[in-house]
Enquirer: 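What follows is a single structure, and I will ask about it in a moment.
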Amino acid sequence: MFAPFDERMMRRAIELALLGRYTTDPNPRVGCVITRDERVVGEGGHRKSGEAHAEALALVAAGEAARGATAYVTLEPHCHSSRTPPCTDALIRAGVKRVVCGTLDPNPQVSGAGVKQLAASGIAVETGLLEAEVRELNLGFEKRMTTGLPRVIVKIAMSLDGRVALANGVSKWITGEAARADVQHLRAASSAVLTGIETAIADDPQLNVRDPSIELLGRQPLRVVLDTRLRMAPAARMLREPGKVLVFTAEERLADASALRGAGAEVVGAALDIERRIDLQNVLAELGRRQCNDVLVEAGPTLAGSFLQLGLADELIVYIAPVVLGPEARAMALLPPLYRIEDVPRYTLHGMQRIGADVKLVLRP
């Protein structure tokens, strides 16, 4: 059984992990608190890939006080050599007597092995403290480690009657300024932001993080465009912004990619589905190979509908504005007709928040 003090320390470790919410990618977000006699002697949160892990930072802060102490870590300490030394070795050398983990590391190189190494050295190890809350920190990392695919979040801004644009395509702006500012945080927390060529042509979006209050430590999410016939303009705004742009196109169009590549885009061939569109499973597999944990889809009704129809969306974030656009306006997602209520996709409401004049819903299948 965990004591109330244990829970308080793990909640503090979660807070420290969230300091790296926008910057640790592709690494997981991890926080660590070290206590002795129910007094905090050191703490740390991982901030950026290649830099010190949370345990190492907390141990440095604790110094000699770490000997005989308890370490609270959101994620099982890693036990393999990577860009940083194993955290298990550091905890053992420091003389920590107890380690409390929120959850095991889903990375097959670590999962359970870190705990076993600590226990073999005589350290008392306990796992599962606030596990559900801790896992929320790294759902994308967990999915990539266990399936090879990134977590997919589909973002939609719509009216009360489920419309995302007028019949003529005009959609700026359905939601208010506060909701649009919130989307900046969604992008910052994502490994990649994905859209389709129709949106890229119609809106010429930047798809980057422009809020100066969001600390990115030099990182911008990868911008991804699905462009079967390679219609993207080399003068597109996103190609003039910092960060990488990846364009997926049909293999036979690669010969025409020199102008886009000259403008700074990376253009790769992708398999097509039976409708001669970019195969979404193929795209997600490639993004997983590129160590993308979370992919935010900001697209029109056709592409958004494809992700929903194929069951590829792990989360749906909907901003609902208090406006009505009418039956001729464009629907939030193009889906095939359904004839039985039993076939209707259903979602669980995971979160609801008022943002300015709008409402934000977080839904999961």
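It should be emphasised that the depicted structure is a prediction, and the values quoted were computed from it without experimental measurement. In what follows, every heavy atom counts, from backbone to side chain, and hydrogens, waters and symmetry copies are set aside.
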Enquirer: Just by distance, with hydrogens left out, do Thr195 and Glu298 show a side-chain donor and acceptor under 3.5 Å apart?
Expert: no
Enquirer: Taking NZ, NE, NH1 and NH2 as the nitrogens, is one of them in Glu252 or Arg276 under 4.0 Å from a carboxylate oxygen of the other?
Expert: yes
Enquirer: Using atom types as modelled and distance alone, determine if a side-chain donor or acceptor of Thr24 lies under 3.5 Å from a backbone N or O of Lys48.
Expert: no
Enquirer: What residue among Arg187, Arg29, His185 forms side-chain hydrogen bond (donor to acceptor under 3.5 Å, both in side chains) with Tyr22?
Expert: His185
Enquirer: Would you say His46 and Asn27 are linked by a side-chain donor-acceptor pair, where the criterion is simply a distance under 3.5 Å?
Expert: yes
Enquirer: Let me see the working for Lys155 and Tyr319 under side chain to side chain contact (heavy atoms under 4.5 Å, CB included), right down to the final yes or no.
Expert: CA-CA 8 Å; Lys155 186 274 292 184; Tyr319 296 89; 3.8 Å; yes
Enquirer: Salt bridge or not between Arg290 and Glu286? Use side-chain N to carboxylate O under 4.0 Å.
Expert: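 Yes, this pair counts.
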Enquirer: Leu260 vs Val245, test: side chain to side chain contact (heavy atoms under 4.5 Å, CB included). Steps then yes/no.
Expert: CA-CA 10 Å; Leu260 266 184; Val245 175; over 6 Å; no
Enquirer: Hey, quick one: are Leu222 and Val154 part of the same hydrophobic cluster, counting side-chain heavy atoms closer than 4.5 Å, chains of contacts allowed?
Expert: yes
Enquirer: Hey, is CG on Leu349 packed in by over 12 heavy atoms from elsewhere, all under 6.0 Å?
Expert: yes
Enquirer: Kindly say whether Leu118 contributes a backbone atom to a donor-acceptor pair with the side chain of Ser121 at under 3.5 angstrom?
Expert: yes
Enquirer: Following the transitive rule for hydrophobic clusters with a side-chain heavy-atom cut-off under 4.5 Å over Ile, Leu, Val, Met, Phe, Trp and Tyr, establish whether Leu310 and Leu194 coincide in one cluster.
Expert: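 Cluster IDs for Leu310 and Leu194 match.
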Enquirer: For the backbone of Thr228 and the side chain of Arg277, can you confirm whether one donor and one acceptor N or O come within less than 3.5 Å of each other?
Expert: no
Enquirer: For the residue pair Gln117 / Asp89, report whether a side-chain donor-acceptor contact shorter than 3.5 Å exists.
Expert: yes
Enquirer: Is the backbone N or O of Leu139 less than 3.5 Å from a side-chain atom of Arg151, with the two atoms forming a donor-acceptor pair by type?
Expert: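 Answer holds: no.
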Enquirer: Are more than 12 heavy atoms from other residues, nucleotides or ligands located less than 6.0 Å from atom CD of Glu177?
Expert: no
Enquirer: Which hydrophobic side chains are connected to Leu18, either touching it within the sub-4.5 Å cutoff or through other members that do?
Expert: Phe2, Phe5, Met9, Met10, Ile14, Leu16, Leu19, Val33, Val40, Tyr72, Val100, Leu129, Leu130, Val134, Leu137
Enquirer: Are Ile355 and Leu363 linked, directly or through other ILVMFWY residues, by side chains that come within less than 4.5 angstrom of each other?
Expert: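 In one cluster with Ile355: Leu363, no.
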Enquirer: Between Arg210 and Glu241, is there a side-chain N and carboxylate O pair less than 4.0 Å apart?
Expert: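 Salt bridge absent between Arg210 and Glu241.
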Enquirer: Could you walk me through whether Thr103 and Leu75 pass the side chain to side chain contact (heavy atoms under 4.5 Å, CB included) test, one step at a time?
Expert: CA-CA 5 Å; Thr103 188; Leu75 190 67; 3.7 Å; yes
Enquirer: Do NZ/NE/NH1/NH2 and the carboxylate oxygens of Glu136 and Arg364 come within less than 4.0 Å?
Expert: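 Here Glu136 pairs with Arg364 in a salt bridge, since their nearest N and O are under 4.0 Å apart.
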Enquirer: Do other residues, nucleotides or ligands put more than 12 heavy atoms under 6.0 Å from the CZ atom of Arg135?
Expert: no
